[in-house]
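Report on the following structure.
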Amino acid sequence: MSLRRSRCAAAGAALRKAAAPVALLASAALAACSATGQAPKHDAAMANAPVNAARAIPEARPASDWHGGAMVAAANPLAVEAGLRTLRAGGSAVDAAIAVQAVLGLVEPQSSGLGGGAFLMYYDAVSGDVLAYDGREVAPRGAMPDMFLGADGAPLKFFEAVQSGRSIGVPGAVAMLALAHREQGRRPWAEAFTPAIELAERGFAVSPRLNAMVAMGQGRYAPDVGRYLLRDGRPLEVGSTLRNPEYAATLRRIAAEGARGFYEGPVAEAVVAAAARAPLPGSLSLADLRDYRPQRLEPVCRGYRVYLVCGMRPPSSGGIAVLAVLGILEHFDMAASGPGSATGWHRLIEAQRLAYADRDRYVADDRFVQVPIAGLLDRAYLAGRAAQVDDSRALERVEAGQPPGALRRGVDATGPEHGTSHFVIVDARGDVVSMTTTVEAAFGSQRMAAGFFLNNQLTDFSFRAVDAAGQPIANAPAPLKKPRSSMSPTLVFEDGRFRLAVGSPGGNAIIAYVSKAIVGMLDWGLSPQQAIDLPNVVARGEVVAAEPGRFDPALAAALQAMGHQFAGGRGGGEGSGLHAILATPDGRLVGGADSRREGVALALP
């Protein structure tokens, strides 16, 4: 048992044995852990009962008797096949993640790739450890707080900022995967890139989604991007063959040289040159690339009914916000108000609104600003937030609360987020990856280098550094700072055993999509596919964005009668691409892939 796990076990024991004053201290110690002490068995009724007091939730433990097989769920069948190919060869979940990401960067370049960043949640079936890998982009040393303000002091138009060199952060996905591979890989690094290299050289059929995304940006592409995505000025036709030998060459270099082949040499030089082009050239330098370091972090984990739910910590806001939604909902019997009930959706909407308000105000890169993680997830604080929810009517207005330990922060001025993908993998040993990966907007900054698109991740910063009252904004730009993310790769455990891996793209709507799917599976008893297929409802602020064509008009009418204001669309985010793998109590794996995209979930035969 690691030192961290020993500390958590001790805190759990103290909580079980202590009198009330001491129990509060032990509970605080547990809040800092990603695991807690042993808990008694719970029946189904208790699993969905409102929370009344702190309960010890079993920590994740080794899966010494794993016999559930292996599975990959991702946004494109070619990427899924690359992952399965790696698993067939005896690869780990991380080996397969490298193969999946390399192919997604080729066949779904609008969403993720070598030029972007990622967060990866990992469960080690041998040790029982749950780890979080941070490959978020960082701002260059030359980044400035006013980098997204024009000469008049007003914020740049969003797409003007997106297509500028100033939007490009130091890509982190390659370095993060290299770190994860050093610690969790079982096959040679170079082997995982073979499927993507072969596809890039041979060519692949353009999918309907890629065709549609190219068409959306037509007329805005730089000449080099137009040469790649257009033919005779028109978007690539569905089914036409697209080759990318330059991408294959970049992958060969990375395969041969490791991450250094990306962060130094010709590839790095091409990245810097692309960021330095007009209009609005950026400050990204070779030194910025050379000095990038990914991080392995302690995840943020909390109990939800009988489950242990683990997600990313800052600079992602996803783990905190999803856990806050669940922490509010734990005060209600969600099983009794299922997906056909207006009451169940009302509670989910209100929990989202409250969690988003706090997330927007307080969460940013915690290396630069104090983020009150323990306060935002404090049981008493969330009980107070839950007490604001009235089952008969919507809150007229939702404001950020004052969680314990929080400093006063300005009103956020961060724009929307868009281009992202998510995949989940379980290998034959029972190791699990849940990874969300992104270039931010569709095709990122719409600048290419060495065969791939560069991110525009720095537009995830607030365009203003202070609000109208002069208060500092937590997510303001700064040199070497990471912009806040909404990515929410999530792992769930029950009685110490792996139960669920889930996540989604969707910009700031990711938090809504993932919390909906978790509630659907854990509270409403739905299969992964059924939970994913539930209508998406994004409640950030006063207006609720309900998915057109999927949300029951009768439910919408009932919610409107409660005072909810509805609008179409996605609440400023992009469409979902939920992928999930659920381990059933009898040891089977059940996957789900979002029909809103082109993904599949396939088991290893």
Side-chain angles (χ1 to χ4, degrees), residues 72 74-85 98-116 163 171 173-174 192-255 262 267 270-271 274 418-421 423 437-456 505 574-575 577 593 596-600:
V72 180
N76 186 283
L78 294 172
V80 171
E81 177 51 40
L84 292 174
R85 176 175 165 178
I98 298 166
V100 170
Q101 175 64 92
V103 171
L104 285 176
L106 174 69
V107 302
E108 197 194 37
Q110 70 272 16
S111 297
S112 72
L114 305 179
Q163 294 181 305
V174 174
F193 294 95
T194 301
I197 291 170
E198 292 174 352
L199 270 176
E201 292 179 336
R202 183 177 69 242
F204 64 95
V206 172
S207 72
R209 180 171 174 78
L210 177 55
N211 164 269
M213 297 303 291
V214 172
M216 284 176 60
Q218 193 173 0
R220 294 202 304 260
Y221 298 129
D224 61 329
V225 174
R227 285 191 294 272
Y228 183 62
L229 295 179
L230 305 174
R231 296 295 179 268
D232 299 322
R234 293 190 297 274
L236 295 162
E237 293 183 1
V238 175
S240 63
T241 299
L242 180 60
R243 297 179 179 85
N244 192 338
E246 194 174 7
Y247 185 73
T250 294
L251 292 183
R252 288 188 187 278
R253 182 176 296 276
I254 296 169
F262 181 89
V267 175
V271 170
H418 292 287
T420 308
S421 196
F423 57 86
T437 175
T438 183
V439 289
E440 213 283 355
F443 304 104
S445 63
Q446 299 180 6
R447 297 183 183 214
M448 293 188 77
F452 57 88
F453 286 90
L454 297 176
N455 70 84
N456 65 295
E574 65 171 321
R596 301 165 183 87
R597 297 206 178 192
E598 297 170 332
V600 293

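None of these values were measured; they are calculated from a predicted model.
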Would you compute the distance between atom OG1 of Thr194 and atom CZ of Arg252 and round it to the nearest 0.5 angstrom? 8.0 Å
Taking the side chain as C-beta and beyond, is there a heavy-atom pair between Val439 and Phe452 under 4.5 Å? no
Can you tell me if Asn455 uses its side chain to pair, donor with acceptor, with the backbone of Gly444 under 3.5 Å? no
Do Pro195 and Glu81 touch side chain to side chain, with heavy atoms closer than 4.5 Å? no
Between Met448 and Glu246, is there a side-chain heavy-atom distance shorter than 4.5 Å? no
Using a 3.5 Å distance criterion without hydrogens, assess whether the side chain of Arg447 forms a donor-acceptor pair with backbone atoms of Gln163. yes
Could you report the tightest heavy-atom contact between Ala449 and Leu454, atom names first, then the distance? CB-CD1, 4.3 Å
So Tyr228 and Val214, do their side chains get closer than 4.5 Å, heavy atoms only? no
For Glu237, the side-chain contact (heavy atoms from CB on, under 4.5 Å) test, sequence neighbours excluded, returns Ser240
Examine distances only and state if a side-chain atom of Thr250 and a backbone atom of Ala450 form a donor-acceptor pair shorter than 3.5 Å. yes
Closest heavy-atom contact between Ala102 and Tyr247? O-OH, 2.6 Å
Can you see which heavy atom on Leu251 is nearest to which on Ala196, and at what distance? CD1-CB, 3.5 Å
In Å, rounded to the nearest 0.5 Å, how long is the span from OG1 of Thr438 to CG of Asn456? 8.0 Å
In sequence, state the C-alpha distance, the side-chain angles, and the governing distance for Arg231 and Leu236, and then conclude on side chain to side chain contact (heavy atoms under 4.5 Å, CB included). CA-CA 6 Å; Arg231 296 295 179 268; Leu236 295 162; 3.5 Å; yes
Shortest non-hydrogen contact from Glu598 toward Ser207: OE1-OG, 2.9 Å
Minimum heavy-atom separation for Thr241 and Gly203, please, with both atom names. CG2-CA, 3.8 Å
Close side-chain approach of Phe193 to Ile98, heavy-atom, < 4.5 Å: yes
Between Gln110 and Arg209, does a side chain to side chain contact (heavy atoms under 4.5 Å, CB included) hold up when you go through it step by step? CA-CA 10 Å; Gln110 70 272 16; Arg209 180 171 174 78; 3.8 Å; yes
CZ (Arg234) and CG (Asn211) are apart, to the nearest 0.5 Å, by 12.0 Å
Of the non-hydrogen atoms in Ala79 and Val100, which two are nearest, and what is the gap between them? O-CG2, 3.4 Å
I need the Arg597 CZ to Ser421 OG distance, nearest 0.5 Å. 6.0 Å
Classify the ring geometry of Tyr221 against Phe443: parallel below 30°, tilted from 30° to 60°, perpendicular beyond 60°. perpendicular
Is the closest side-chain heavy-atom distance between Asn76 and Leu104 below 4.5 Å? yes
When you measure from the side chain of Arg243 to the backbone N and O of Arg202, does any donor-acceptor pair fall under 3.5 Å? yes
Answer whether the closest heavy-atom distance between the side chains of Pro171 and Leu114 falls below 4.5 Å. no
Distance, nearest 0.5 Å, that separates CD of Glu201 from CG of Asn244: 10.0 Å
